[in-house]
Amino acid sequence: MHVPGYRDTPTDEWDPAAPVDPAEADDFLRACYAENPRLGPVEPRLAIVRAQIAATGTYVHTPEELGHGAKMAWRNSSRCIGRLYWRSLVVLDRRRARTAEEIFSLLVRHLQVAGGAAPMSRLDATAGPPVERPPGTIRPVISVFAPAVPGRPHASVWNDQLVRYAGYVTEQGRRIGDPRNLAFTRAMEALGWKGKGEAFDILPLAIETPHEGVQLFDLPERAVLEVPVAHPEYGWFAELGIRWHAVPAISNMRLSIGGINYPLAPFNGWYMGTEIGSRNLADADRYDLVPLVARLMRLDTTSESTLWRDRALVEINRAVLWSFERAGVKISDHHTESARFMAHLRNEEKAGRQVPADWSWIVPPLSGGATPVFHRYYHEADLKPNFYLDAPARARAAGCPVAH
Ligand code: ARG
């Protein structure tokens, strides 16, 4: 769907049949080796890669190239305010997994490593030494599965995030759950899944491989960290039964590094409170809590100028931040995250790099002008490595899978 006035997610018009572009490989390797002197001189590596591309149409990243390339892709994500910590990304090299079963168990591991439920195992070679952490310490993690081989089908996850809530419409036309996922929920039901019909039913993962077709998997409880939302002063808030998941893990964007495409490379950070409080729980086409909360706060809703919407929004956002903090689950507020982004801009300037950024995504959806990120413009370049949302992936997550 194209909405006039809205810019779509960046796309580089990927042709899955095309061989790797040697110039793109060249650019990436030069940048990667220049930023990491410990990798040694780039020239011998360039010669090998050029020969590999000439012979096979593609090449294979070393674990170091993959690790740094994934970090660069995060660093280049124009819509992300959280990029100060791009170097800390945990990169899990999952290129050998093939079957849906293998992929599923590694996605469960991803959520556990990201959400702090599992110590990272020694097998995660690129992830550094194993560390025990209390649950709730969210770490930015990416799991990189097999690259696309030009002209051949590849595995994909249909869901747009690993954890999402189902959406339903009752026979009386009442909406239950997350309306954003209505069509996707119907697609899952058509494949045999049945939800409880409640407001926060976790959707199954739909994993498609070239040999097995699409298969559904229910996430085990241990993989899904959730926080019940209550308010520090309004006792009635807890009774609304609102909750949200702790780990936002985008699962349908393609990671593009040096001309190689990784169509399955789910990644996560931690939440900024406004994503939940001002959008997921507040948007009229999502959980639409603003009118209900305003009523329960007994605000005067007869005139817009009482700012009842704004007052309700602030309290929903307070509830989200307070609840995550109370549960010991990492989250940050938009003031803190904006200040961090300003620090990121300074760091990158010192390193002699541009920071591509999309103002309309960087500015928080609450009190924008009260944060420093509002008061300036940004470079709008589309730099690679990066993440892209392809039309077929978007369609699958929207519940209309198409042939691909
Ligand atoms: N805004 C999306 C959501 O509410 C998540 C996008 C990624 N967010 C993040 N903090 N890494 O689910």
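Atoms within each ligand, like the ligands themselves, are counted from 1 in listed order. What you see below is based on every heavy atom in this structure, not just the backbone, and it leaves out hydrogens, waters and symmetry mates.
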Visitor: Using the side chain to side chain donor-acceptor pair (under 3.5 Å) rule, collect all pairs that involve residues 280-298, keeping only residues at least two apart or in two chains.
Guide: D178-R286, R279-D283, N280-R286
Visitor: Do any nitrogen or oxygen atoms of ligand 1 lie under 3.5 Å from a protein nitrogen or oxygen, and which ones?
Guide:
from, atom 1, to, atom 2, distance (Å)
ligand 1, 1 (N), E275, OE1, 2.7
ligand 1, 4 (O), Y271, OH, 3.4
ligand 1, 4 (O), N280, OD1, 3.4
ligand 1, 4 (O), N280, ND2, 2.8
ligand 1, 8 (N), E275, OE1, 2.7
ligand 1, 8 (N), E275, OE2, 3.4
ligand 1, 10 (N), W270, O, 2.6
ligand 1, 10 (N), E275, OE2, 2.7
ligand 1, 12 (O), Q161, NE2, 2.9
ligand 1, 12 (O), R164, NH2, 2.9
ligand 1, 12 (O), Y271, OH, 2.7

Visitor: Considering residues at least two apart in sequence or located in another chain, which fulfil the ring pair (Phe, Tyr, Trp, His ring centres under 6.0 Å) criterion with W270?
Guide: Y85
Visitor: Would you please name every residue forming a side chain to side chain contact (heavy atoms under 4.5 Å, CB included) with W322, sequence neighbours left out?
Guide: A230, P232, R326
Visitor: Can the ring centroids of H379 and Y377 be said to lie less than 6.0 angstrom from one another?
Guide: no
Visitor: Could you please spell out the steps behind the side-chain hydrogen bond (donor to acceptor under 3.5 Å, both in side chains) verdict for T274 and N317?
Guide: CA-CA 6 Å; T274 53; N317 277 277; 5.4 Å; no
Visitor: More than 12 heavy atoms of other residues, nucleotides or ligands under 6.0 Å from NE2 of H375: is that the case?
Guide: yes
